[in-house]
Amino acid sequence: MKYITFNHQKTSNIGIGTWHIGEGNNKQTTSEIEAIKYGLDHGINTIDTAEMYGEGLSEKLVGTVLQDYHRNDLQLISKFYPFHATPNLIERSLKSSLKRLQTDYLDLYLLHWRGETPLKETVYGLEKMVQAGLIRNWGVSNFDLHDLKELSDLPNGKNCCVNEDLYNIGSRGVEHSILPWQKEHDMSFIGYSPFGSENGEYLKIKPILKEMAQQKQITVHQLLLAWVLRNRDLLSIPKTASVEHMRSNLAAIDIDFAKDELELLNQAYPAPEKDRQLDTI
Ligand SMILES: NC(=O)c1ccc[n+]([C@@H]2O[C@H](COP(=O)([O-])OP(=O)(O)OC[C@H]3O[C@@H](n4cnc5c(N)ncnc54)[C@H](OP(=O)(O)O)[C@@H]3O)[C@@H](O)[C@H]2O)c1
């Protein structure tokens with residue numbers, strides 16, 4: 001396992017994604033629980049969930065798993081809908097999430113994406129939840145550079161600890177200015193959907209990935225995850241419902257690339273040369 005400083009704490013460089021977890025039948029649930037436990041038993045200490053995932057079903061499943069672990073050893077991240085972003089609704093959503101997760105605090109609470117509520121109100125509501133001891137820190141998700149700068153200029157806006165955006169080899173837009181800006185402002189970055197989401201829906205697998213994976217005797221998924229993790233400062237949060245895949249993802253942490261391999265990948269999936277519209281799912 002490799003660790004990074006994330007949200008001012010020592011954190012595994014992969015966390016556990018939970019979108020669609022807890023939505024299936026008993027057999028699937030058993031497999032999901034085993035996969036999450038395998039990850040936690042092998043050094044992962046961060047879980048990413050949201051009130052949106054299965055309308056609470058994912059948080060419920062995570063809450064069940066957490067009962068077998070020391071809460072303080074883990075970083076728990078959840079998110080609220082943009083239409084719950086007013087102070088009163090934030091408090092209501094948070095308390096419901098805490099109940100489902102069977103815990104009395106979150107390490108991070110994120111605005112899932114930007115909506116109609118003025119950011120100032122949302123920051124005010126989140127700060128109140130920090131003061132009440134219900135969350136340690138707060139952050140945002142799917143914010144572009146313009147959103148981040150606007151947030152940062154608001155009262156207490158600089159207390160935003162984290163931004164979570166789509167980041168995989170086919171969606172590199174954040175590299176141009178979001179990652180450098182966040183680094184400069186000491187804001188942690190979470191990259192979501194390292195494999196392009198369920199069934200790779202949001203990522204085109206080009207032949208070079210298969211060829212290189214074969215040469216390196218790894219799977220394409222391992223290559224994709226290792227590529228995201230080549231950036232030592234960020235947290236990637238792959239989702240899997242299978243112990244076998246979790247094991248494979250953990251092994252990807254130790255995969256390195258030679259300079260010429262990275263160049264080949266850059267040719268197939270070029271780094272952005274200017275700011276583009278943020279990719280989101
Ligand atoms: N903030 C946001 O707006 C946002 C948006 C999207 C996602 N997220 C977060 O990011 C997490 C990850 O993103 P994601 O769920 O969209 O997708 P992802 O992690 O990119 O991909 C998940 C898919 O990859 C498969 N997979 C995982 N490991 C594998 C392996 N070693 N070999 C083969 N297949 C493998 C999974 O299947 P199996 O389950 O069968 O392994 C699943 O189909 C989410 O769960 C969520 O927590 C956040």
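Keep in mind that what you see is a predicted model, and the values were worked out from it rather than measured. Positions are given from 1, in the same order as the sequence printed here. Numbering of ligands and ligand atoms starts at 1, following listing order.
- For the side-chain contact (heavy atoms from CB on, under 4.5 Å) test, residues two or more places apart in sequence or in another chain that qualify with A268 are K206, I208.
- Judged as a side-chain hydrogen bond (donor to acceptor under 3.5 Å, both in side chains), and not counting sequence neighbours, the contacts of D48 are K79.
- Residues passing the side-chain contact (heavy atoms from CB on, under 4.5 Å) test with N45 are Y3, T11, S12, L74, sequence neighbours excluded.
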**Report entry** Test log, rule salt bridge (charged side-chain N to carboxylate O under 4.0 Å, His left out), inputs E175 and R230
**Finding:** CA-CA 13 Å; E175 287 178 22; R230 84 205 184 289; 3.2 Å; yes
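- The cationic atom of R172 (NZ for Lys, CZ for Arg) does not lie both less than 6.0 Å from the six-membered ring centre of Y269 and within 45° of the ring axis.
- Within 4.0 Å of ligand 1, heavy atoms belong to protein residues G17, T18, W19, D48, Y53, K79, H112, S141, N142, E164, Y192, S193, P194, F195, G196, S197, E198, N199, H221, I237, P238, K239, T240, A241, H245, S248, N249.
- Using modelled atom types, one finds a donor on one side chain and an acceptor on the other under 3.5 Å when comparing Q28 with E32.
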